[in-house]
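One structure is given below, encoded as structure tokens.
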Amino acid sequence: MRPQHLDFFVEMTLQALIFDVDGTLADTERDGHRVAFNQAFAEAGLDWHWDVPMYGELLAVTGGKERMRFYLDRFRPDWPRPADLDAQIARLHAAKTRHYTALLARGGIPLRPGVARLLNEARAQGLRLAIATTTTPENVTALLEHALDPRAASWFEVIAAGDIVPAKKPAPDIYHYTLEKMNLDPGQCLAFEDSENGLRSAQGAGLRTVITINDYTRDHDFTGAALVLDQLGEPAIPFSMLANPVPVNGRTFFDLELARRLMES
Ligand code: XBP
Ligand code: MG
């Protein structure tokens, strides 16, 4: 039996990594989700088209169905709403998911640098893994299967995704759900996010959070993040620390030793 005086250390030791998907595991937004939305709009005969800068504005709202409503409110007050708008949005979203998962199946989107390496290190050391994302569950499994490993979905103890909670990020609900399913305390986990909405969600659930920025999120407010990086890095692709630098002892990429050091700070 474990001596009682070690209980505190055992409880607060890093036990799990919880990952956002879009923008964090892979750069899925500009060349993935956006393209699939436009395909669904064209297929439905709609004159909606989301270019790269407009999509950046639309990313203020998480969730594809919610994003379409935001688009209509913000950019298309003129567009005549059908009586069955909810159903039309649901149909468009289903078509978008079909286009997006087909794009992933063609190997259209790779993982970001360091993601596979960190996941493999975590598995080798017996850390628990989870996903907490706003996107649709099929999108997560398609990305994991085609960009990581055909069995990669089974590496994650919990895949919390999409409409499983009613309030999407920046609400903390998806992280609360994940922690509850894993029966873990926020102090035992580290979250990985790429956006301000994601950080607010993880922070709201009490999680320390590592940010890896991307082109859409580099100017977001990441106050309160444990660490802000350009990317997780690989031995040959060194990371840059953009905020809250910590001593790395010559390390050029994010690994579990650094993760554990963040948990102590
Ligand atoms: C991701 C999203 C998602 C995707 C689209 O946010 O906002 O909505 O853009 O996914 P986060 P769906 O990375 O913060 O989880 O169309 O499947 O909703
Ligand atoms: Mg994200």
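Note: hydrogens, waters and symmetry copies are ignored here, and every other heavy atom, side chains too, is used. In listed order, ligands and their atoms are each counted from 1.
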Distance-only, no hydrogens or angles: does the [X] side chain make a donor-acceptor pair with backbone N or O of [Y] under 3.5 Å?
X: E196; Y: H220; value: no
X: D84; Y: A87; value: no
X: D194; Y: T217; value: no
X: Q125; Y: L127; value: no
X: T178; Y: I174; value: yes
X: T62; Y: K169; value: yes
X: R67; Y: V61; value: yes

Taking only heavy atoms of [X], which atoms of ligand 1 are found under 4.0 Å from at least one of them?
X: T133; answer: 15 (O)
X: T136; answer: 12 (P), 17 (O)
X: G63; answer: 2 (C), 3 (C), 7 (O), 8 (O), 18 (O)
X: K96; answer: 5 (C), 10 (O), 12 (P), 16 (O), 17 (O)
X: E29; answer: 1 (C), 2 (C), 4 (C), 9 (O)
X: N139; answer: 17 (O)

Flag the pair [X] and [Y] as a salt bridge only when some basic side-chain nitrogen lies within less than 4.0 angstrom of an acidic carboxylate oxygen.
X: D215; Y: R218; answer: yes
X: D47; Y: R76; answer: yes
X: D230; Y: R112; answer: no

Protein residue, atom and distance nearest to [atom], heavy-atom basis:
atom: atom 15 (O) of ligand 1; answer: T134 N, 2.9 Å
atom: atom 1 (C) of ligand 1; answer: D22 OD2, 3.3 Å
atom: atom 10 (O) of ligand 1; answer: T135 OG1, 2.8 Å

Strictly under 4.0 Å, does any heavy atom of [X] approach an atom of ligand 1?
X: N197; answer: no
X: V21; answer: no
X: Y55; answer: yes
X: R67; answer: yes

Ligand 1 versus [X], non-hydrogen atoms closer than 4.0 Å: side chain, backbone, both, neither?
X: D20; value: side chain
X: K168; value: neither
X: E66; value: neither

Validation row, ring centre F239 to ring centre F253 under 6.0 Å: no

F41 ring center within less than 6.0 Å of W50 ring center: yes

N or O contact, [X] vs ligand 1, cut-off under 3.5 Å:
X: D194; result: no
X: S195; result: no
X: G64; result: yes

Geometric class of the F19/F192 ring pair [parallel <30°, tilted 30-60°, perpendicular >60°]: parallel

For Y175, the option from Q203, E193, E180 that meets side chain to side chain donor-acceptor pair (under 3.5 Å): E193

Options E196, R200, K169, H93, ranked by nearest heavy atom to atom 14 (O) of ligand 1, top entry: K169

Gap between atom OG1 of T133 and atom CG of D22 - 0.5 Å precision: 5.0 Å

F254 and L227, any side-chain heavy atoms less than 4.5 Å apart: yes

Under 2.8 Å from the Mg ion (ligand 2) - protein N/O/S, by chain and number: D20 OD2, D22 O, D194 OD1

